[in-house]
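Since the structure comes first, as structure tokens, the remarks are kept for the end.
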2 protein chains.
Amino acid sequence: MMSDDASALSTAQRLRQEIENDIASGHLVPGERLDEVTLANRFHVSRTPIREALQQLAMAGMVEIRPRRGAVVASLTPERLYEMFEVMAELEAMCCRLAARRLGPSDALALERAHRACEAVRHDHDAYYRANEMFHQAIYAASGNTFLAEQARLLQRRLQPYRRLQLRVRNRVQNSFSEHERILAALMAGEGEEAAGIMRPHVQVQGERFSDLIASLKLLGAA
Amino acid sequence: MMSDDASALSTAQRLRQEIENDIASGHLVPGERLDEVTLANRFHVSRTPIREALQQLAMAGMVEIRPRRGAVVASLTPERLYEMFEVMAELEAMCCRLAARRLGPSDALALERAHRACEAVRHDHDAYYRANEMFHQAIYAASGNTFLAEQARLLQRRLQPYRRLQLRVRNRVQNSFSEHERILAALMAGEGEEAAGIMRPHVQVQGERFSDLIASLKLLGAA
DNA sequence: CTCATCATTCTTGTATACAAGGAAACGCTC
DNA sequence: GAGCGTTTCCTTGTATACAAGAATGATGAG
């Protein structure tokens, strides 16, 4: 019944990860109801650990628990989404600044490898999305601040369903890739402010990109 | 719109807040064991909602749950503490930048009031600590980014037990207050970068202040 | 035909019972 | 007397039973 790798994870934590994956991947859409009994049956456990997992997800901001009325996948208003991207942009810019100062040989290697992986799949949206995620994570790690890296990773995950939609826009992948290139060059040169300055608008959703995002949001809401 | 209204709180959430307060206030010290039965008795509930509250606290990073071995108040290593202060400094700097751009009349009023409240109690460490907290929160709110404000508030709370110790250092309150003054002036003048530049070292724990913090940490650990 | 009110049903919230993994204490051997 | 294995007890993890608040559907009045 237990998977083998349950090394240091409680059941509730495993369940949280599973449900979290379903939310991040878009299998569970914002606003969708999370019935305790249904989930319990699906994972072959009782409601107790399911409830514990839901409480965790509520703290992570991925679900909303309305007392006595059940849990739903959290849905973000356009305003809040904008705010979250604004913070994400700043966190990633901070990663750049720190990474430029603290970059070690292994970090540099990992960055280059991640970048080349992006290049290899730049004609496949979905594959690029995953490679892109890895590239950004390589920068988080290179910051040398594990707490910052964790926070960035958390927010990245929370924005995943929305960020994914963004890359669908025409030419976005191409632009994304060339921005990566400039960021990478700046990091290698130790130009932290330069890298941060490119990263900020790379992440932040502004102007027409914001309109595009809202448009896809409405599509999502209609489903 | 989504303010933490007490009317819509589940029991588990209320319990989380109570325990959280005990941790933030130092009533529960890092490393201390959190026995489910003891807590259940204390709050006159069963273990079920207590466990849910503990899961929430684990996600918030305030307690650590070791499977089958119970929950303890999370204790931070000096390295991690340094990292968290580094991120906190950047979040608050970001608040400054945004606040300077977006400052409304009511925000300005709240800021000045909070600053005067600090002045009034600057000879009482504990009172100053609370007033100081309010001043910083006024800046978070003035950023106009509610998500950022929430994140900053969260991290502030998490660092509270350690931040509190810091003000004990000789002259720190006096320095803190004059830094506030300069930050306030910069914000009022719309000089976001200026305000951010003062805020960063105001928050970050570096050099001898870091050593001081580690020293108090050891004292805490000895207790 | 529409709306309001009440009964029914379904879901959540909480307590409790039981199972099972650690911790600790005891005794045993060397 | 010290170290190790065993046994006991204590704590956590999970399921289930029951209570109580929403949602839903039915029934009747306007």
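Naming convention: chains lettered A, B, ... in sequence-line order (proteins, then strands); numbering from 1 in each chain. Since the model is a prediction, treat every value here as computed from it, not as a measurement.
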Any idea which of [options] is nearest the [X] side chain?
X	options	result
B:P67	D:dG13, C:dT12, D:dT11	D:dG13
A:R68	C:dA15, C:dA17, C:dG13	C:dG13
B:D35	D:dA15, C:dT12, D:dT11	D:dT11

Please work out whether the ring planes of B:Y128 and B:H180 are parallel, tilted or perpendicular, with thresholds of 30° and 60°. parallel
To the nearest angstrom, how far is [X] atom [atom1] from [N] atom [atom2]?
X	N	atom1	atom2	result
B:L9	C:dG13	CG	P	13 Å
A:N41	D:dT16	CG	C1'	14 Å
A:R66	D:dA23	CZ	C1'	12 Å
B:R33	C:dA24	CZ	P	9 Å
A:L54	C:dT11	CG	C1'	13 Å
B:I65	D:dT14	CD1	P	12 Å
A:L34	C:dT11	CG	P	14 Å
A:Q56	D:dG13	CD	P	12 Å

Should we count CZ of A:R170 as having more than 12 external heavy atoms under 6.0 Å? no
Between [X] and [Y] (salt bridge meaning N to carboxylate O under 4.0 Å), is one present in this structure?
X	Y	value
B:D124	B:R130	no
A:E133	A:R153	no
A:E92	A:R97	no
A:E86	B:R102	yes

May I ask you to say what A:R69 touches in the nucleic acid, namely base, sugar-phosphate or nothing, with a heavy-atom cut-off under 4.0 Å? sugar-phosphate
Over all strands shown, is B:T11 touching base, sugar-phosphate only, or nothing at heavy-atom distances under 4.0 angstrom? sugar-phosphate
Difference in axis direction between the ends of the helix from C:dC1-D:dG30 to C:dC30-D:dG1, five pairs, 10°: 10°
Counting distance alone, no hydrogens or angles: does the base of C:dG13 have a donor or acceptor under 3.5 Å from a partner atom on the side chain of A:R47? yes
Would you say the side chain of B:E90 lies within less than 4.5 Å of the side chain of A:L91, judging by non-hydrogen atoms? no
Side chains of A:Y162 and A:L213: does their closest heavy-atom pair fall under 4.5 Å? yes
If you compare every side-chain N and O of [X] against the phosphate oxygens of [N] (OP1, OP2), does one of them come in below 4.0 Å?
X	N	result
B:S46	C:dA15	yes
B:R51	C:dA15	no
A:T48	D:dT14	no

When you match A:P49 and B:G70 each to their closest nucleotide on DNA chain D, which lands nearer the 5' end? B:G70
If you restrict it to nitrogen or oxygen atoms, what contacts under 3.5 Å exist between nucleotides 5-8 of chain D and the protein, and what is each distance?
none

Is a side-chain donor or acceptor of B:E36 paired with a backbone partner of B:R47 at a separation under 3.5 angstrom? no
Of the non-hydrogen atoms in B:C118 and B:F135, which two are nearest, and what is the gap between them? SG-CB, 4.1 Å
